[in-house]
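A quick write-up on the structure given underneath.
Just the heavy atoms: all of them, side chains too, but no hydrogens, waters or symmetry mates, feed the values below. A, B, ... follow the sequence lines: proteins, then strands. Residue 1 opens every chain. Not measured: the values here are computed from a predicted model.
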Amino acid sequence: MEDNRLDLSFYQSYDTITLAQKLIGCELVHDSPDGTTSGIIVETEAYLCDDPACHAFNRRTARTEPMYGTPGTIYIYLIYGMYQCINVVSNREGVGEAVLIRALQPVLGINLMQQRRLLNRKSAIDQQKPLLVKDLCRGPGKLVQAMGIDRSAHNNHSFTKGPLYINQSVSDDFQIEETMRIGINVGTALPYRFVVKKSAYTSR
DNA sequence: CCGGTGATGTTC
DNA sequence: AACATCACCGGG
């Protein structure tokens, strides 16, 4: 696996909204003990510090502390007791902002992704049901599962070093569509979600 | 649509 | 110490 990872200068060069757009088309990679998995980022959302939907809005606590770190820091949180979501910390140190990665187009380690996703299915019968490639990483909780990412192992680490990183984009051959964010109850009017137009791999 | 599931933040 | 909330997912 070629390591063309984005470095600190990339993460600190853009405001959060621009970073959310720039990350589209880049490849999220995890070199894990079980093998390497990767996928092209096809959907992101920006969370700004003056935005009520942002975890760091008017609060700096143990959970949100990674969001105040250096750009390129990894912020992972637990949601609904059973899923985790991964974010790229943005802006500058001391400002609590981040980009949520919401969907990937799988590239490397597709078998491994399927195994990891099936492990989380309840019954043996559910594990028999087909799991399409396009459904492996279509959603923030799913991609974290498929990529073998875990809060205890990766939260507050950095994408600029270590086994979890983001490769630079190899293609600009797609259009980015801007929409409202998904799954939130406040800040719903802000057009901070970015998806690859007509991609089969984005969430709904 | 609806419920599972547990950490986190807020209020008392 | 209790309570409400939650950047989700899968099964109807």
Side-chain angles (χ1 to χ4, degrees), chain A residues 15-17 19-21 23-24 28 39 41-69 73-91 95-104 106 113-156 159 166 177-196 200-204:
Chain A
D15 63 89
T16 298
I17 291 172
L19 183 69
Q21 296 166 331
L23 285 171
I24 298 285
L28 179 66
I41 298 171
V42 293
E43 176 177 348
T44 60
E45 284 180 358
Y47 286 87
L48 275 58
C49 62
D50 64 349
D51 160 14
C54 180
H55 288 178
F57 175 67
N58 282 349
R59 58 176 94 93
R60 183 166 183 166
T61 63
R63 177 177 68 148
T64 62
E65 190 58 27
M67 292 187 77
Y68 291 87
T73 295
I74 299 167
Y75 169 52
I76 303 169
Y77 64 90
L78 181 73
I79 188 72
Y80 295 106
M82 26 165 65
Y83 302 102
Q84 302 177 80
C85 297
I86 186 166
N87 294 255
V88 182
V89 172
S90 56
N91 205 300
V95 180
E97 303 194 346
V99 175
L100 172 67
I101 302 177
R102 286 194 57 91
L104 305 176
M113 288 186 182
Q114 285 177 342
Q115 287 173 35
R116 286 171 174 152
R117 290 291 319 284
L118 289 172
L119 275 181
N120 271 43
R121 305 256 258 231
K122 317 252 186 278
S123 65
I125 187 114
D126 284 343
Q127 299 196 358
Q128 307 292 354
K129 292 185 185 169
L131 184 45
L132 301 174
V133 172
K134 70 184 177 73
D135 294 323
L136 288 174
C137 300
R138 147 210 272 322
K142 294 178 187 179
L143 92 251
V144 163
Q145 270 180 30
M147 293 288 289
I149 293 166
D150 191 79
R151 191 164 67 122
S152 62
H154 307 292
N155 187 37
N156 207 21
F159 286 110
I166 303 176
E177 186 176 10
E178 164 187 307
T179 77
M180 304 305 138
R181 292 173 299 182
I182 288 179
I184 54 176
N185 300 307
V186 289
T188 52
L190 300 169
Y192 290 170
R193 174 173 176 256
F194 304 96
V195 297
V196 174
Y201 300 92
T202 55
S203 75
R204 152 175 179 73

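Distance, Asn155(A) CG to dA7(B) P: 15 Å, rounded to whole Å. In this structure, Leu132(A) atom CG and dG10(C) atom C1' are separated by 15 Å, rounded to whole Å. Atom CE of Met82(A) and atom P of dA7(C) are 16 Å apart (whole Å). Between the P atom of dC9(C) and the CZ atom of Arg117(A) lies a distance of 8 Å, rounded to the nearest Å. Rounded to an integer number of Å, the gap from Glu45(A) CD to dC8(C) P is 7 Å. For Ile182(A) and dC8(C), the CD1 to P distance is 8 Å, given to the nearest whole Å. Taking atom CZ of residue Phe194(A) and atom C1' of nucleotide dA7(C), one finds them 15 Å apart after rounding to whole Å.
Listed by chain and number, the residues in a side-chain contact (heavy atoms from CB on, under 4.5 Å) with Pro140(A) are Cys85(A), Leu100(A), Arg102(A) (sequence neighbours excluded). Scored by the salt bridge (Lys or Arg N to Asp or Glu O under 4.0 Å) test, Asp150(A) finds no partners at all (sequence neighbours excluded). His55(A) pairs by the side chain to side chain donor-acceptor pair (under 3.5 Å) definition with Tyr75(A), not counting sequence neighbours. Scored by the salt bridge (Lys or Arg N to Asp or Glu O under 4.0 Å) test, Glu97(A) finds no partners at all (sequence neighbours excluded). A search for salt bridge (Lys or Arg N to Asp or Glu O under 4.0 Å) contacts involving Arg117(A) returns nothing, not counting sequence neighbours. Scanning for salt bridge (Lys or Arg N to Asp or Glu O under 4.0 Å) contacts around Glu65(A) gives Arg60(A), with sequence neighbours left out. Remark: Asp51(A) engages Arg181(A) in a side chain to side chain donor-acceptor pair (under 3.5 Å) (not counting sequence neighbours).
Within residues 59-67 of chain A, the residues that place at least one heavy atom under 4.0 Å from DNA chain B are, in residue-number order, Arg59(A), Thr61(A), Arg63(A). Near DNA chain C, meaning a heavy atom under 4.0 Å away, there are no residues from residues 144-151 of chain A.
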Determine, stepwise, if the pair Leu136(A) / Leu131(A) fulfils side chain to side chain contact (heavy atoms under 4.5 Å, CB included). CA-CA 7 Å; Leu136(A) 288 174; Leu131(A) 184 45; 3.9 Å; yes

Evaluate the side chain to side chain contact (heavy atoms under 4.5 Å, CB included) criterion for residues Tyr201(A) and Arg138(A): first the C-alpha distance (whole Å), next the side-chain angles of each, then the deciding distance (0.1 Å), finally the verdict. CA-CA 6 Å; Tyr201(A) 300 92; Arg138(A) 147 210 272 322; 5.9 Å; no

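Stem regions annotated for DNA chain B: B:1-4 with C:8-11, B:6-11 with C:1-6, counting only runs of 3 or more consecutive pairs of Watson-Crick or G-U type with both contacts under 3.5 Å.
Residue contacts for Arg102(A): at a heavy-atom cut-off of 4.0 Å it reaches the sugar-phosphate backbone alone, with no base atom in range. Among the atoms of the strands shown, none is found under 4.0 Å from any heavy atom of Arg204(A).
Side-chain contact between Val99(A) and Val89(A): absent, with no pair of heavy atoms (C-beta onward) separated by less than 4.5 Å. Taking 4.5 Å as the limit, every side-chain heavy atom of Ile24(A) sits out of range of all side-chain heavy atoms of Gln21(A). Taking the side chain as every heavy atom from C-beta outward, Val88(A) and Phe159(A) approach each other to under 4.5 Å.
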Might you list the N or O atoms of the protein lying below 3.5 Å from N or O atoms in nucleotides 3-6 of chain C, with each pair's distance?
| residue | atom | partner | partner atom | Å |
| --- | --- | --- | --- | --- |
| dC6(C) | OP2 | Asn185(A) | ND2 | 3.3 |

Contacts table for residues 182-193 of chain A: side-chain donor-acceptor under 3.5 angstrom, sequence neighbours left out:
| residue | atom | partner | partner atom | Å |
| --- | --- | --- | --- | --- |
| Arg193(A) | NE | Glu43(A) | OE2 | 2.9 |
| Arg193(A) | NH1 | Thr179(A) | OG1 | 3.0 |
| Arg193(A) | NH2 | Glu43(A) | OE2 | 3.2 |
| Arg193(A) | NH2 | Ser203(A) | O | 3.2 |

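The base of dA7(C) is paired with the side chain of Tyr77(A) by a donor and an acceptor separated by under 3.5 Å.
Here the CZ-CD1 distance, from Arg151(A) to Ile74(A), works out to 14.5 Å after rounding to the nearest 0.5 Å.
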